[in-house]
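This report concerns only the one structure given below.
Small disclaimer: the values here were computed from a predicted structure and weren't measured.
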Amino acid sequence: MEKIDRSYLRYLRYAIQWSIFFFLIYAGYNFYLFVDYFSSDEVGAPLIPPVSRPPSVEGFLPIGALMAFKLWLTTGIFDRIHPAGLVIFIAAVMMSLLLKKSFCGWICPVGALSDLTWKLGKRLFGRNFTIHRFADYPLRSLKYLLVLFFIYLIVVKMSPLEIFTFLEEEYYRIADVKMLYFFTKMTLVTFITLLILFLTSLFFKNFWCRYLCPYGALLGILSLCSPLKITRNEDACIHCERCTKNCPAALPVGDKVRIKSPECTGCLTCVSHCPAKGALDMSFSKRRILNPLIFAVLIIGLFFGAIGIGKITDRWNSAVTYEQYKRIIPQTSILEHPR
Ligand code: SF4
Ligand code: SF4
């Protein structure tokens with residue numbers, strides 16, 4: 001057997017994932033300062049905030065982005081209230097159609113946090129636990145049921161006119177502020193729910209992503225179309241099972257020839273652990289292998305390329321004015337969800 005060491009793929013992914021994570025923490029802090037400035041209803045205060053609003057926080061509004069996506073596809077109207085959210089959503093969809101669920105494995109900050117939590121649990125307790133497959137399968141279906149519910153509500157039930165009306169409501173204009181308050185003005189119920197999620201994520205690998213995340217479920221379904229899949233070459237494989245043991249999605253990589261599962265995030269962890277040259281790769285087919293570094297470049301290129309196009313075509317910054325923020329933000333807690 002010819003040996004190979006591709007552990008650098010793991011470090012490359014961590015570097016990308018955590019750079020995005022810390023960038024979003026910084027963006028979140030700036031958004032906090034921005035909202036805080038407009039929270040006061042002081043008369044006569046200047047309208048220029050100390051920091052500008054970071055559009056990237058709209059990435060945390062995937063349900064609004066799904067609505068905006070339908071509106072865009074059916075009418076050509078591009079949401080002007082949270083355009084960055086729609087750009088990020090389109091990037092995630094494109095990535096899933098072409099490059100497996102790589103948005104979850106390489107970009108998503110929740111995925112990064114989830115990864116860190118189960119590794120912390122492993123260090124603390126010496127191991128992670130697995131849920132028996134009789135419970136695992138029904139539990140995994142929860143996230144697909146959730147996403148089907150949203151698809152039914154938004155794609156099937158809501159007309160483009162209803163979506164357009166919703167996206168222009170004052171409620172949607174400050175949906176990002178409401179998301180911020182979800183964390184900064186946390187209720188006891190939210191705190192307890194997050195604590196339970198954290199504790200379960202210590203014991204079970206990627207608990208949130210595996211069982212509950214509807215965004216990941218949607219991207220997983222789309223990733224079934226991806227021409228690229230993790231592919232094992234039986235002739236070169238030495239059956240060491242390192243790929244199976246290290247797969248964060250608990251997929252039986254060492255037993256399959258092609259991984260077609262919607263749970264595969266394209267994280268390349270299995271490839272990075274495989275010691276046998278030519279045994280495991282991201283491939284178009286059994287013979288048409290894609291260099292894993294090119295796979296990583298494509299992920300970054302597609303994600304940041306979409307953001308770049310959004311900026312160049314003026315579909316990145318929100319059309320909500322400072323006057324509107326000043327008027328609406330102090331009313332955030334009393335603004336009701338439109339029926
Ligand atoms: S099969 Fe490989 S690429 Fe897919 S999730 Fe598992 S480790 Fe990541
Ligand atoms: S494909 Fe999996 S089982 Fe085969 S050599 Fe690589 S890590 Fe070991």
Side-chain angles (χ1 to χ4, degrees), residues 13 17 59 62-63 65-66 69-70 88-115 118 130-156 201 204-232 243-272 280-286 290 292 295-296 298-299 302-303:
R13 185 172 73 90
Q17 225 181 6
I63 297 171
L66 179 59
F69 189 57
K70 176 178 171 181
I88 292 168
F89 186 83
I90 293 171
V93 166
M94 294 297 295
M95 288 166 78
S96 302
L97 289 172
L98 299 172
L99 307 168
K100 294 300 296 176
K101 214 167 60 164
S102 51
F103 182 84
C104 300
W106 292 72
I107 307 289
C108 178
V110 181
L113 213 51
S114 182
D115 214 37
W118 70 255
T130 44
I131 294 178
H132 193 280
R133 65 191 164 95
F134 289 122
D136 182 61
Y137 280 115
L139 278 175
R140 263 199 272 165
S141 62
L142 282 177
K143 63 179 187 288
Y144 295 107
L145 290 175
L146 268 174
V147 79
L148 286 178
F149 171 72
F150 287 123
I151 288 176
Y152 173 73
L153 274 189
I154 294 166
V155 180
V156 180
S201 301
F204 303 104
K205 274 185 185 176
N206 296 320
F207 186 84
W208 166 259
C209 310
R210 189 172 179 81
Y211 299 117
L212 298 171
C213 178
Y215 199 4
L218 175 66
L219 299 182
I221 294 168
L222 295 174
S223 78
L224 293 172
C225 302
S226 165
L228 286 158
K229 290 180 175 46
I230 290 291
T231 307
R232 192 172 59 87
C243 48
T244 302
K245 278 184 209 138
N246 287 291
C247 173
L251 294 168
V253 191
D255 299 337
K256 304 272 182 194
V257 174
R258 296 264 285 167
I259 297 294
K260 296 174 184 157
S261 168
E263 304 291 330
C264 174
T265 62
C267 65
L268 299 182
T269 305
C270 53
V271 174
S272 78
L280 199 63
D281 272 289
M282 188 60 90
S283 314
F284 289 98
S285 64
K286 237 178 152 185
L290 181 73
F295 182 72
L298 287 175
I299 290 169
L302 206 51
F303 183 68

Please evaluate residues K143 and V147 with respect to the criterion side-chain contact (heavy atoms from CB on, under 4.5 Å), reporting the C-alpha separation (whole Å), side-chain torsions for both, the decisive distance (0.1 Å), and the verdict. CA-CA 6 Å; K143 63 179 187 288; V147 79; over 6 Å; no
Evaluate the side-chain contact (heavy atoms from CB on, under 4.5 Å) criterion for residues V271 and M282: first the C-alpha distance (whole Å), next the side-chain angles of each, then the deciding distance (0.1 Å), finally the verdict. CA-CA 8 Å; V271 174; M282 188 60 90; 5.6 Å; no
Candidate pair D281 and L290, rule side-chain contact (heavy atoms from CB on, under 4.5 Å), full reasoning: CA-CA 7 Å; D281 272 289; L290 181 73; over 6 Å; no
Checking L218 against I151 for the side-chain contact (heavy atoms from CB on, under 4.5 Å) test, could you report, in this order, the C-alpha distance in whole Å, the side-chain angles of both residues, the deciding distance, and whether it holds? CA-CA 9 Å; L218 175 66; I151 288 176; 4.0 Å; yes
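Counting only heavy atoms from C-beta outward, the side chains of F207 and L212 approach each other to under 4.5 Å.
The structure places CG of L148 at 10.0 Å from OG of S141, a figure rounded to the nearest 0.5 Å. The CD1 atom of I299 sits 11.0 Å away from atom CG of L98, with the distance rounded to the nearest 0.5 Å. A distance of 10.0 Å separates CG in L97 from CG in L224, rounded to the nearest 0.5 Å. Atom CH2 of W106 sits about 5.0 Å away from atom CG of L268, to the nearest 0.5 Å. Between the CZ atom in R232 and the OG atom in S283 there is a gap of 12.5 Å [rounded to 0.5 Å]. Of the inter-residue distances, the one linking I230 atom CD1 with C267 atom SG reads 7.5 Å to the nearest 0.5 angstrom.
Between I259 and C264 the shortest heavy-atom distance is CG2-CB, 3.9 Å. A pairwise comparison of heavy atoms in F204 and W118 identifies O-CB, 4.2 Å as the closest pair. Residues S223 and K101 share a closest heavy-atom pair of CB-N, 3.7 Å. What you find for N206 and S114 is that their closest heavy atoms are OD1-OG, 3.0 Å. Scanning both residues, C270 and C243, for their nearest heavy atoms gives CB-CB, 3.8 Å.
Applying the side chain to side chain donor-acceptor pair (under 3.5 Å) test to every pair with at least one member in residues 247-258, sequence neighbours left out, gives these pairs: T231-R258. Applying the side chain to side chain donor-acceptor pair (under 3.5 Å) definition to pairs two or more places apart or across chains, none involves residues 90-99. Every pair passing side chain to side chain donor-acceptor pair (under 3.5 Å) that includes a residue from residues 211-221 is listed here, sequence neighbours excluded: D136-Y211.
The salt bridge (charged side-chain N to carboxylate O under 4.0 Å, His left out) test with D115 singles out one residue from R13, R210, K205, and that residue is R13. Between M95 and the choices I107, L219, I90, the side chain to side chain contact (heavy atoms under 4.5 Å, CB included) rule is met once, by I107.
Put simply, the side chain of T269 never gets that close to the backbone of N246: no donor and acceptor are under 3.5 Å apart. Although no hydrogens or angles enter the test, the distance criterion places no donor-acceptor pair under 3.5 Å between the side chain of E263 and the main chain of G220.
Aromatic ring orientation, H132 versus F134: parallel (interplanar angle below 30°, classes split at 30° and 60°).
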